[in-house]
Protein chains: 2
Amino acid sequence: MKHSLVRETIIKTASNLFYQKGYNLTGINEIISESGIAKATLYNHFKSKEDICVAYLDYLNTPFLKNIEDFALSKSKGSEQILALFDFLEKFFLSENFNGCWCLNTISEIPNQNIKIRNEIQKGKTEFLKLIVRLLEINFPNKTKKEVATLSKQVYLIYESAISESHLHQNKWPIKTAKEIIEKIFT
Amino acid sequence: MKHSLVRETIIKTASNLFYQKGYNLTGINEIISESGIAKATLYNHFKSKEDICVAYLDYLNTPFLKNIEDFALSKSKGSEQILALFDFLEKFFLSENFNGCWCLNTISEIPNQNIKIRNEIQKGKTEFLKLIVRLLEINFPNKTKKEVATLSKQVYLIYESAISESHLHQNKWPIKTAKEIIEKIFT
DNA sequence: AATAATAGACAGACCAGTTAGTCTGTTTTT
DNA sequence: AAAAACAGACTAACTGGTCTGTCTATTATT
């Protein structure tokens, strides 16, 4: 296989497995057999399973952040663009592969001491928070910087519970409830 | 060791390990060596590691539900008793053993197909939701049943994100933010 | 009260399978 | 000709779980 494709193939395969089965329950041997890549090749691209995990988190975070932002921006201005975050989540929830948030899942699987993975997760969440800040600035230009900072954390928190609780209960009521809270906050 | 104490010892030791290290990263051998119980004895009390996990969840859930309810009821009536849930969480967060929510951690570690453990987790969360319903009924007797049902889910969601996000960010700002949302909801 | 029987604790060998990671040697791509 | 792919053997440690056999405390029978 061509060099440039190998790395991508590994990440793609590992990502599917990590997300569906969890990090600890996915073995290196499963990754190589599923992706058709030799073990030595895998370790030529990544020095450890941990490094593949970091790549996995980034591989899912980057398109997620882009897609959810594009989706929100496509809606009419105002609180609609905030609510759109939850409509996006609902579509994700209804897709057959939904298995909760990869970041929250992974953080529950690693020891507290694993700062490499923890940092990657916090980085992704910080990017998400920044995205919410951008949406608030666009849609509520009259709010002060401080108000936006406060509001964005609130929206973030509500989003986070909506994704993890819809996963836990295997039901979309948490997404609906989240939208109720958002509506209360923005009126 | 006396029969009745053996089971308790196993659960207590396993609980500490499962909560601190995670379910998958804790081995049976570690549980037996740490608790000083023979392997055959352990399997005389539990038919599998999975069963120990169920006992672990119950072992932490039961006192948690009792303690947080007692704490809330000790506060003055009104929204104070709801906010008390988050003060209780903050104390928990500041304790040295805090490692997030055992239920949310465990659900991220098990395959979707594991209904035994998933049921136990959903059971614990449902009990927590009922507790919030009780608190709302006591403190807001004028609200209709429907209003209480709606509000309780909102409070529940906010609590859940406060615990998981304070864990993720290793910071108590999510608890503070959660209380801001609660105050908005109840005024 | 003395003896016998049962339950359940103990230690730890053992099983088959899996783990992450290394290494050797060969073939293909650039 | 150099780089990097390939297959896959191999290591040492660990996994959940079973099993054998011993020892001790409680209970039942005489």
Side-chain angles (χ1 to χ4, degrees), chain A residues 1-57 105-106 108-111 113-118 120, chain B residues 1-57 105-106 108-111 113-118 120:
Chain A
M1 189 182 286
K2 259 170 65 185
H3 178 65
S4 58
L5 282 180
V6 171
R7 193 186 156 88
E8 170 118 21
T9 303
I10 295 167
I11 296 175
K12 196 181 283 182
T13 309
S15 293
N16 287 335
L17 291 167
F18 285 162
Y19 183 58
Q20 291 304 321
K21 306 187 39 175
Y23 175 64
N24 285 321
L25 293 181
T26 301
I28 290 289
N29 294 321
E30 205 172 350
I31 296 172
I32 62 167
S33 74
E34 187 119 333
S35 60
I37 261 108
K39 197 178 251 196
T41 306
L42 182 144
Y43 279 100
N44 209 29
H45 284 265
F46 297 94
K47 80 173 230 293
S48 66
K49 189 188 178 188
E50 190 186 25
D51 280 18
I52 305 176
C53 185
V54 171
Y56 146 66
L57 293 168
N105 289 347
T106 306
S108 295
E109 290 211 61
I110 55 158
Q113 292 73 27
N114 193 325
I115 54 165
K116 215 170 180 178
I117 293 179
R118 172 168 239 116
E120 185 66 25
Chain B
M1 189 182 286
K2 259 171 66 185
H3 179 66
S4 57
L5 283 179
V6 171
R7 194 186 156 87
E8 170 117 20
T9 303
I10 295 168
I11 296 176
K12 196 181 282 183
T13 309
S15 293
N16 287 335
L17 291 167
F18 284 162
Y19 183 58
Q20 291 305 322
K21 305 187 40 173
Y23 174 64
N24 285 321
L25 293 181
T26 301
I28 289 289
N29 294 320
E30 205 173 350
I31 295 172
I32 61 165
S33 73
E34 186 120 333
S35 61
I37 259 105
K39 199 178 251 196
T41 305
L42 184 145
Y43 279 100
N44 208 29
H45 283 266
F46 298 94
K47 80 173 231 294
S48 67
K49 188 187 179 190
E50 190 186 24
D51 280 18
I52 305 177
C53 185
V54 171
Y56 147 65
L57 294 168
N105 290 348
T106 304
S108 293
E109 291 211 61
I110 56 156
Q113 291 72 29
N114 192 325
I115 52 164
K116 216 171 182 179
I117 292 179
R118 172 167 240 117
E120 185 66 25

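Lettering follows sequence order; numbering is per chain, from 1.
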Expressed in angstrom and rounded to an integer, what is the separation of B/F18 atom CZ from D/dG16 atom P? 8 Å

A/I10 CD1 to D/dA5 P, straight-line distance once rounded to whole Å: 8 Å

Passes side chain to side chain contact (heavy atoms under 4.5 Å, CB included), A/N29 versus A/K39? Steps please. CA-CA 8 Å; A/N29 294 321; A/K39 197 178 251 196; 2.8 Å; yes

Report the distance from atom CG of B/L25 to atom P of D/dT15, rounded to the nearest whole Å. 9 Å

OP1 or OP2 of C/dG8 sitting under 4.0 Å from any side-chain N/O of B/H45? no

Atom of A/I28, atom of A/I52 and distance for their closest heavy-atom approach: CD1-CD1, 4.2 Å

Suppose we screen for side-chain hydrogen bond (donor to acceptor under 3.5 Å, both in side chains). Which residues come up paired with B/E8, at least two apart in sequence or across chains? none

Could you tell me how far apart A/E50 (CD) and C/dA20 (C1') are, to the nearest whole angstrom? 12 Å

Give A/S33 one of three labels, base, sugar-phosphate or nothing, depending on what nucleic acid heavy atoms sit under 4.0 Å from its own. nothing

In whole angstrom, give the distance that lies between atom CG of B/N29 and atom P of C/dT19. 17 Å

In this structure, how many angstroms lie between the P atom of D/dG17 and the CD1 atom of B/I28, rounded? 6 Å

I'd like a table of atom pairs between the protein and nucleotides 6-9 of chain D - only N or O on both sides, under 3.5 Å - with the distance next to each one.
residue, atom, partner, partner atom, Å
D/dC6, OP2, A/A38, N, 3.4
D/dC6, OP2, A/T41, OG1, 3.1

Identify the two heavy atoms, one from A/L42 and one from A/I37, that lie closest to each other, and give their separation to 0.1 Å. N-CG2, 3.9 Å

Side-chain heavy atoms of B/D51 within contact of B/K116, under 4.5 Å: yes

Considering only heavy atoms from C-beta outward, does the side chain of B/I31 approach that of B/F18 to under 4.5 Å? yes

Rounded to the nearest angstrom, tell me the gap between atom CG in A/L5 and atom C1' in D/dA5. 13 Å

From A/Q20 atom CD to A/L25 atom CG, the distance as rounded to the nearest 0.5 Å: 12.5 Å

side-chain N/O B/N44 vs C/dA9 OP1/OP2, d < 4.0 Å: yes

Protein-nucleotide distance (A/I31, atom CD1; C/dT18, atom P), rounded to Å: 16 Å

